[in-house]
2 protein chains.
Amino acid sequence: MVETTTRDRLVNEAMRLFSEQGYRATSVAQIEKAAGLAPGSGALYHHFKSKEALLAAGIDRQLDRRGAMRDVRALFAGLGDLDTELTLLGRYLFAVLDEETQLLQIAARTPADQSARVAAAYAALVDGLCAELADWIAGWAPHLAAADAQRIAVVAVNALLGNRAGRMLYRGVGAQLADEEYLSEWTTLLAVRIRA
Amino acid sequence: MVETTTRDRLVNEAMRLFSEQGYRATSVAQIEKAAGLAPGSGALYHHFKSKEALLAAGIDRQLDRRGAMRDVRALFAGLGDLDTELTLLGRYLFAVLDEETQLLQIAARTPADQSARVAAAYAALVDGLCAELADWIAGWAPHLAAADAQRIAVVAVNALLGNRAGRMLYRGVGAQLADEEYLSEWTTLLAVRIRA
DNA sequence: GTCTATACGCCGATAGAC
DNA sequence: GTCTATCGGCGTATAGAC
């Protein structure tokens, strides 16, 4: 059994509820109840000075969890042929996006002017993924201009992001491809382009 | 000067505000003020029985506007080579997504259980675009299996959707490619794949 | 059809007992 | 640290005058 402080439980439940319902639609009482406190009591305010400070703490924690695993080229280089590495890379990018699902959902459902932190965190995440992928592509295709590798990376990441956005925001509605099937086509698309 | 009824103005302003701020974050008073009525007066309730009925009316209108322009193959077929048609098709898909921006934004910022109508409307839009594109691809590449054409179309539409999602939800934050640059790479990616 | 006035509830946040 | 109790504000929605 993991020892969790009340503060940690509050952050956990708040981020979950924010991602499911949105920031404004989630009440402080609801968060307290989910964390095992009496709903409606101000118990939350002994740990955070306001509801927005709680959101900020959740975003900071999410950003701290990331930051490892910078050099993707070193991780995947030399494992096999282009298609194999590309498939692994695609799975890795999907995994990162899935880990950040809460943040992406909160970002989508929080008006930018209400909390600029979320928008900035999203931008940092996506820009980082694009840069990593562009770096990897440049390593595999030295004949391509750096700008071309960057453009390919942006489109490729957006293709994965669009898939996850559809999943996150409208779960269960509409026909979705299975992950492996989607990644298979994504890989083929990129491999052919990089070789051309 | 276009004759607009108060009811139309209410729908217009409500959809605009919903897409900018989200459904729950937008108050009835705000909608009334934007439509030229006294904020806080219940004047809105003489046109709609509730705030949710107003949202439903907006979604219905948006869905009615669409529905024309079904057969994309007929529109773009025979115009030129594959790259040319693909570029035009990409612009068309972007245009459709842009026209439906309000709906997509509202869908993203409205919890699914709060209004299933929005989620269903989104699913219909994206599924329709995928089917249109798959149809077009199948026409250009008869050697591909129908399932392959469908998979390519799904990834391609998701790539455009991911781009627009980033624009809509986090406007101004993060480096974004210009439309023409993005579409250029998107076209190249697909053209190479279809020819392979 | 639009207004003023208002009912009634929920929300964020605070005060103070234990 | 958590509780009960409560304040002030804003939310949706309604009643009734004009």
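Chain letters run A, B, ... following the sequence lines, proteins first and then strands; every chain starts at 1.
- Side-chain atoms of Tyr23(B) come within 3.5 Å of backbone atoms of Glu52(B) as a donor-acceptor pair (strictly under, hydrogens ignored).
- If you check every strand for non-hydrogen atoms under 4.0 Å, Leu44(B) touches nothing.
- Listed nucleotides dC11(C), dT2(D), dC3(C) differ in distance to Ser27(A); the shortest reach to its side chain belongs to dC11(C).
- Cation-pi geometry between Arg164(A) and Phe94(A) is satisfied (NZ or CZ under 6.0 Å from the ring centre, within 45° of the ring normal).
- Looking at the side chain of Thr6(A), the nearest of the listed nucleotides dT2(D), dG11(D), dT2(C) is dT2(D).
- Neither OP1 nor OP2 of dT12(D) sits under 4.0 Å from any side-chain N or O of Ser50(B).
- Looking at Leu133(A), Val126(A), Asp127(A) one by one, the single match for side chain to side chain contact (heavy atoms under 4.5 Å, CB included) with Cys130(A) turns out to be Val126(A).
- For Asp8(A) and dG1(D), the CG to P distance is 12 Å, given to the nearest whole Å.
- Taking every side-chain heavy atom of Lys51(A) into account, dG12(C) is the closest of dA13(D), dT4(C), dG12(C).
- Atom CD in Glu32(B) sits about 11 Å away from atom P in dA13(D), given to the nearest Å.
- Mapping Gly42(B) and His46(A) onto DNA chain C via the closest heavy atom, the residue that lands nearer the 5' end is Gly42(B).
- The CG-C1' distance, from Leu37(A) to dT4(D), rounds to 14 Å in whole Å.
- The shortest non-hydrogen separation linking Leu190(A) to Ala156(A) is CD1-CB, 3.7 Å.
- Atom NZ of Lys33(B) and atom C1' of dT2(C) are 18 Å apart (whole Å).
- Contact annotation: His47(A) side-chain N/O to dT2(D) OP1/OP2 distance is under 4.0 Å.
- For the residue pair Asp83(A) and Thr187(A), the shortest heavy atom distance occurs at O-CG2, 3.7 Å.
- Judged by closest nucleotide on DNA chain D, Pro39(A) is the one of Pro39(A) and Arg24(A) placed further toward the 5' end.
- What separates CD of Gln30(A) from P of dG12(C) is a distance of 9 Å, to the nearest Å.
- In this structure, Arg7(B) atom CZ and dT2(C) atom C1' are separated by 17 Å, rounded to whole Å.
- For Phe48(B) and dG1(C), the CZ to P distance is 12 Å, given to the nearest whole Å.
- Of the candidates dC3(D), dT12(D), dT4(C), the closest approach to any side-chain atom of Ala38(A) belongs to dC3(D).
- When the side-chain nitrogen and oxygen atoms of Tyr45(B) are compared with OP1 and OP2 of dT14(D), none of them lie within a distance under 4.0 Å.
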